[in-house]
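Worth knowing before you read on, the calculation uses all heavy atoms, side chains too, and leaves out hydrogens, waters and symmetry mates.
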Amino acid sequence: MEDLLKDLNPAQHAAVTLPPQHALILAGAGSGKTRVLTTRIAWLLSTRQVSPAGVLAVTFTNKAAREMGTRLSAMLPVNTRGMWIGTFHGLCHRMLRAHHREAQLSQTFQILDSQDQLAAIKRLIRTLNVDDEKFPPRNIQHFVNNAKEEGLRPGAVEAHDDYARRCVELYQAYDAQCQKEGVVDFAELMLRSYELLERDALLREHYQRRFEHVLVDEFQDTNRLQYRWLKALAGGGAAIFAVGDDDQSIYAFRGANVGNMAAFEREYSVTNLVKLEQNYRSHGNILGAANALIRNNLNRLGKNLWTDFGEGEPVRVHEASSDTLEAQWLVEEIQALSRDGLARDDIAVLYRSNAQSRVIEHALFSAGLPYRVYGGLRFFERAEVKNALAYLRLIENGADDGAFLRVVNFPARGIGARSVEAVQDAARAAGCSLSDAVSMLEGAAANRMSAFSALVAALRAETRAMSLAESVEHVIERSGLVAHYRSEREGQERVENLRELVNAAAAFVMPDGAAYDGKAIGEDATAPVTPAAPITPLAAFLAHAALEAGDHQAGEGAEAVQLMTVHSAKGLEFDAVFITGVEEGLFPHENAVAEEHGLEEERRLMYVAITRARKRLYLSFSQTRMLHGKTRYSLKSRFVDELPEQSMKWLTPRTAARPGTWHEGWGGAWEGFGAQRVAGGARARAAPSDASPAWSDAVHQASRGDRPVAQRFERGLAFQVGQSVAHARFGEGVIIDLEGSGNDARAQVNFGDAGVKWLALSVARLESVG
DNA sequence: TCGGTTCAGAGTATT
DNA sequence: TCTGAACCGA
């Protein structure tokens, strides 16, 4: 046990050995968060304060859960498989499997991933004859997921207008469809599990008695439902050990509620608050930059990172005149780092949005530098894999209409849209599943459709005695999938992926079987447990495929530069980090600037980006960037100005802090960019000052329709793209686009702080600057 | 039933 | 500019 605590710093030590009470650990970036979390569990176990069954540790990603398990078993000779360590969704799934009856779920229920969910909603919208222009499936999907993440069933959603009421109806219909088909989406896993705990007192008390210690990773990322779920679970006196960093809260857009941290502190009267501020990752200048930046956020719980690594190198800043040149500089710098002996995979190139990767990839590719881009389709999301899984799902659950529709005519077997509609009509009339409706069909189409049904039935029967891997193998062959892809011109990779699915099945280990047969629910004989609800290996494998979509692409072998968004870099670290496109409108993103609290979230995002670097950090921005087919003119990000001068080194002539004459020294740079001129400047001059209410009318979003770009060239006070201007209210900015002419002339101006605006030149008073 | 064309939209993402 | 999805013609 002494060994466990040996190398902990005082704060870490304090956190690990806190009494069994609620605690909030503010864990700064690189402060040894995971170590504290796992050591805490190990310490509780080894001091016999709790048995493995009494611990529940929850994370957001499978990767984090796996890491926790691995590190724990490295510390203690404990079998982590019996412990409740997993993702929120994974643990909810586990609970629902054990109590599917109490949760009113069929024993064979399956999980819809986001893709499946969207398909289900599209199908619903079509069956209900709803106008998908007015109710885009994507919006309905968001609506449903948001409601569920707020813990709201259709009846509880407030709808004040017809549109919202219609959305609620669709939500209700969607839930009914899922229930009928025996499928649950991700949010439903959480909500069902929560409702189960709320509704079933015996069950709730059982779990409350069982879990004495509940540990939560990345607490700042929890949404309202997850917070309530934890509250229900720990309501019986369990100690919640919440670890998080409000400064790294970057997932508000997917429902995360940073407020949960403060709420937790308040509601649970948390007296055990430990700040982990010693950073073991970055050199001083990098941390100095991070600290200075994040200090600009209000409403922080408050933290300041420090290191005893020394100052290290300064943060380097580079200004390019175009995105292409930025990428070119990047390549040269990376080559130089490589020459200095830095491994390529210790270098990361970060960007705010995925679209930025193209230019960078192009430059890296041309230079012959190996790189790897994070993101993209994952293994279980691939079409061919999903097709195979659809057959498997039908074997497991004949009511799964989504799976039925996906493969009823794939590979093609002459079942057209008309036949499919016929089964759907029959199923609707009889209130049964599509599979069950097949036998009700008549006519020519009935034969082919029956043949498909017979195929599924045969697969079900034939695989009954087979192992999981044998079943998968059998299904991909006998369904015709392999043959189909083999005959396809570029189907080789798809066939390989199907083979890989067989391997995945062979390697699949049943997730702690005991948990599913009810026994592990506690040695407590009185436990309110569904009597033996064994899950088949196939059902477990399908759940695994949905809950863990797999790696984001296999590592490309060769040591490669890592390209990714700032979001996906969270939790990672590299010797050298390039943060590219550090420009107003891009980072902070213009959409975010318009959102409430958006700017602070962007700043946290920048904080996350900065703290990824161990030894070297580069920031780069460009004066122009090709975006949506147009050249955009940008200002450097305000975040650059928030960094401490003494920690920085400018690789290009330093531009003044905004607002100021940032374009100094680049005076003539705009020529050659084909800057358009537009008439109207004189009018702008003549317009009344914006004391009148007209100024707000002048600021509007130009709609797609008004196209014709002014081609009229006038002498005098004309504006041009790339020009620096000042506005009484919005301050200084750069014209990034011009549209219309005469009275309709508008300029789109990037004002930095004030965001990107369209201004009618006949009304807005714009002054030329510089 | 496929393949080409057209059109809108383009921010971050785990389960 | 580029992509994905929807649509239409053979």
Go through the structure and list residues passing salt bridge (charged side-chain N to carboxylate O under 4.0 Å, His left out) with A/R413, not counting sequence neighbours.
none

Salt bridge (charged side-chain N to carboxylate O under 4.0 Å, His left out) against A/R604, all qualifying residues, sequence neighbours excluded:
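A/R604 satisfies salt bridge (charged side-chain N to carboxylate O under 4.0 Å, His left out) with A/E601 only.
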
So [X], base contact, sugar-phosphate only, or nothing? Heavy-atom distance under 4.0 Å.
X: A/E133; result: nothing
X: A/F88; result: nothing
X: A/E149; result: nothing
X: A/F253; result: base

Can you tell me which residue pairs pass the salt bridge (Lys or Arg N to Asp or Glu O under 4.0 Å) test with a partner in residues 128-151 of chain A, sequence neighbours excluded?
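Those involving residues 128-151 of chain A are A/K148-A/D175, A/K148-A/D185, A/K148-A/E188, A/E150-A/R224.
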
For the residue pair A/Y171 / A/N145, report whether a side-chain donor-acceptor contact shorter than 3.5 Å exists.
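No, no side-chain donor-acceptor pair sits under 3.5 Å.
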
For the side chain of A/S568, starting at C-beta, report the closest nucleotide among B/dT15, B/dA13, B/dT12.
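Taking heavy atoms from C-beta onward, the closest nucleotide is B/dA13.
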
What nitrogen or oxygen pairs link the protein and nucleotides 2-4 of chain C at under 3.5 Å?
from	atom 1	to	atom 2	distance (Å)
C/dC2	O3'	A/R358	NH2	3.1

Distance, P atom - from C/dA5 to B/dT12, rounded to whole angstrom:
16 Å

Please list, chain by chain and in numerical order, all residues satisfying side-chain hydrogen bond (donor to acceptor under 3.5 Å, both in side chains) with A/R66, sequence neighbours excluded.
A/E548

Name the pairs: protein N/O against N/O of nucleotides 1-5 of chain B, kept only if under 3.5 Å.
from	atom 1	to	atom 2	distance (Å)
B/dT1	OP1	A/N409	ND2	3.0

